[in-house]
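Here the structure comes first, spelled out in structure tokens, and everything after it is commentary.
Throughout, protein chains are lettered first and strands after them, A, B, ... in sequence-line order, and every chain is numbered starting at 1.
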Number of protein chains: 2
Amino acid sequence: MADKYDSLKLENQLCFPLYACAKEVVKKYKPFLDELDITYTQYIAMMVMWEHTKMNVKELGEYLFLDSGTLTPLLKTLEKKGLVTRARSKEDERNLVVSVTDEGMALRDKALEVPKKVAGCIQLEEADAKELYVLLHKLMKCV
Amino acid sequence: MADKYDSLKLENQLCFPLYACAKEVVKKYKPFLDELDITYTQYIAMMVMWEHTKMNVKELGEYLFLDSGTLTPLLKTLEKKGLVTRARSKEDERNLVVSVTDEGMALRDKALEVPKKVAGCIQLEEADAKELYVLLHKLMKCV
DNA sequence: TGCAATTAGATTGTACACAATTTAATTTAA
DNA sequence: TTAAATTAAATTGTGTACAATCTAATTGCA
């Protein structure tokens, strides 16, 4: 039953379910993030800002695996929403320091329910979720 | 050490490594797909077309988890490249039938090396890859 | 029959995502 | 010490992604 083109079948790919799952899971966040008036990418950026308060664009990009081409407009949007401020560093004017505002910190409490709500939409067993977490981190290290 | 905001830390998310891994792995395809002059999304669309030869936009979208908003421009691009043709169905004019061309089929042989080359860039053990494959399909079913 | 509901694609608008290039600041090394 | 190299962001251009809306074809049913 095997033919030479089997390796090109969608069902034999590892990348495709990764790509599709990521999209579908991110979509699950939408109704809950809509309540906070932010997108998924803005949400993960805020996660880093909530934890660290202040951070360069470059460093933020290293956390999120995103470059300035994505982050510059995204951070301008977050600034417009009043969630962060953007200012050049005094020590090194090349660096742009992003700081979370009081309003940004206030959003953290509203966001607290999001992970729970999303988990409620995804009926993956705890053991599978843990195993997946481990494997994804392993994969992340070798790409 | 635990605090009430732990659930909002990037490191405690399952979705984030999924999102980041998907992006990083898709990026690995780029140099090899550049040789075929197609993008990753175009590649997975061609995978379905290579296997099925003819297909409605709707059905193709069900395979790829993409809607007409994404597929319409993508298929127009593939048509411009000469890899597929697009034509309304005679039986039901609402349906647009996508068909792979000879040139499209010829690309299949050039693509044959892609999965191997990408696998060569990702040093994940075979057992882990298999386990990840199973878990992603399990996750796909419950989102 | 004939009109409302449904369906398939296309379109519009917003938001990433990233490669490639540009600009400005800083560092380095001759 | 100053010109070259490096660095951090911003910009530009292309290509997804997707929600919401629109259009046209078909179906269902009163």
| query | Relative to each other, are the rings of B:Y43 and B:Y29 parallel, tilted or perpendicular (30° and 60° limits)? | reply |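 B:Y43 vs B:Y29 ring planes: tilted.
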| message | For the CG atom of B:L74 and the CD atom of B:E79, what is their distance to the nearest 0.5 Å? | response | 12.0 Å
| message | I need the B:T85 OG1 to B:L78 CG distance, nearest 0.5 Å. | response |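 Answer for the OG1-CG pair, B:T85 versus B:L78, is 11.0 Å.
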| Interface with DNA chain C, restricted to residues 83-91 of chain B and to heavy atoms under 4.0 Å | B:R86, B:R88
| Per B:L96 side chain, nearest of listed nucleotides C:dC18, D:dA9, C:dA10 | C:dA10
Could you give the side-chain donor-acceptor pairs of residues 102-111 of chain A under 3.5 Å, partners two or more places apart or in another chain?
residue : atom : partner : partner atom : Å
A:D109  : OD1  : B:K4    : NZ           : 3.1
A:D109  : OD1  : B:Y5    : OH           : 2.8
A:D109  : OD2  : B:Y5    : OH           : 3.2

| Would you say B:T70's side chain and B:L66's backbone share a donor-acceptor pair under 3.5 angstrom? |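 Side chain of B:T70 to backbone of B:L66: no pair is present.
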| What are the residues of residues 72-82 of chain A, sorted by number, that bring a heavy atom to within less than 4.0 Å of DNA chain D? |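 Going residue by residue through residues 72-82 of chain A, the ones with a heavy atom under 4.0 Å of DNA chain D turn out to be A:T72, A:K76.
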| What are the residues of residues 32-45 of chain B, sorted by number, that bring a heavy atom to within less than 4.0 Å of DNA chain D? |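 Those residues whose heavy atoms fall under 4.0 Å from DNA chain D, taken from residues 32-45 of chain B in numerical order, are B:T39, B:T41, B:Q42.
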| request: Name all pairs fulfilling the salt bridge (Lys or Arg N to Asp or Glu O under 4.0 Å) condition that reach into residues 66-76 of chain A, sequence neighbours left out, sorted by first residue then second. | output: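 Sorted pair list comes back empty.
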Between [N] atom [atom2] and [X] atom [atom1], what is the distance in whole Å?
{"X": "B:K58", "N": "C:dT6", "atom1": "NZ", "atom2": "P", "value": "14 Å"}
{"X": "B:L60", "N": "C:dA10", "atom1": "CG", "atom2": "P", "value": "12 Å"}
{"X": "A:K28", "N": "D:dA17", "atom1": "NZ", "atom2": "P", "value": "19 Å"}
{"X": "B:Y19", "N": "D:dA17", "atom1": "OH", "atom2": "P", "value": "12 Å"}
{"X": "B:L71", "N": "C:dA8", "atom1": "CG", "atom2": "C1'", "value": "12 Å"}

For a quick test of your reading: what N or O donor-acceptor pairs under 3.5 Å do the side chains of residues 134-143 of chain B make, sequence neighbours left out?
residue : atom : partner : partner atom : Å
B:K138  : NZ   : A:D128  : OD2          : 2.8

| field | Note, A:L36 side chain near A:V114 side chain (heavy atom, < 4.5 Å) | value | yes
| said: Quick one, B:Q42 and B:L83 - any side-chain contact, counting heavy atoms below 4.5 Å? | reply: no
Contacts under 3.5 angstrom, residues 88-96 of chain B side chains, donor-acceptor by atom type, not counting sequence neighbours:
residue : atom : partner : partner atom : Å
B:R88   : NH1  : B:E93   : O            : 3.4
B:R88   : NH1  : B:R94   : O            : 2.7
B:S89   : OG   : B:E91   : N            : 3.2
B:S89   : OG   : B:E91   : OE1          : 3.4
B:S89   : OG   : B:D92   : N            : 3.3
B:D92   : OD1  : B:R94   : N            : 3.0
B:D92   : OD1  : B:R94   : NE           : 3.1
B:D92   : OD2  : B:R94   : NE           : 3.4
B:D92   : OD2  : B:R94   : NH2          : 2.8

| Short side-chain N/O contact to D:dC18 OP1/OP2 from A:K23, under 4.0 Å |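 Answer is yes, contact under 4.0 Å.
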| Between C:dC18 and B:K27, is there an OP1 or OP2 to side-chain N/O distance shorter than 4.0 Å? |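 So the side chain of B:K27 is within the cut-off, an N or O lying under 4.0 Å from OP1 or OP2 of C:dC18.
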| request: Please give the nucleotide sitting opposite C:dA30 as a Watson-Crick or G-U wobble pair, both distances under 3.5 Å, or none. | output: D:dT1
| First encountered from the 5' end of DNA chain C, between A:F65 and B:N95 |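 Nearest-nucleotide comparison on DNA chain C picks B:N95.
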| What string of B, S and - do you get for nucleotides 20-25 of chain D, 5' to 3', when a contact is any protein heavy atom under 4.0 Å? | -----B
| said: Tell me every residue that passes salt bridge (charged side-chain N to carboxylate O under 4.0 Å, His left out) with B:E35, counting only those two or more places apart in sequence or in another chain. | reply: B:K117
Pairs of donor and acceptor atoms involving the side chains of residues 51-63 of chain B, under 3.5 Å and at least two apart or interchain, shall be tabulated with distances.
residue : atom : partner : partner atom : Å
B:K54   : NZ   : B:S99   : OG           : 3.2
B:K58   : NZ   : B:E62   : OE2          : 3.4

| What ring pair (Phe, Tyr, Trp, His ring centres under 6.0 Å) pairs are there with at least one residue in residues 74-123 of chain A, not counting sequence neighbours? | none
Hey, can you pull the donor-acceptor pairs under 3.5 Å for the side chains in residues 10-28 of chain A, sequence neighbours left out?
residue : atom : partner : partner atom : Å
A:N12   : ND2  : A:D6    : O            : 2.7
A:Q13   : NE2  : A:S7    : O            : 2.7
A:Q13   : NE2  : A:K9    : O            : 2.9
A:K23   : NZ   : B:F65   : O            : 2.7
A:E24   : OE2  : A:K27   : NZ           : 3.1

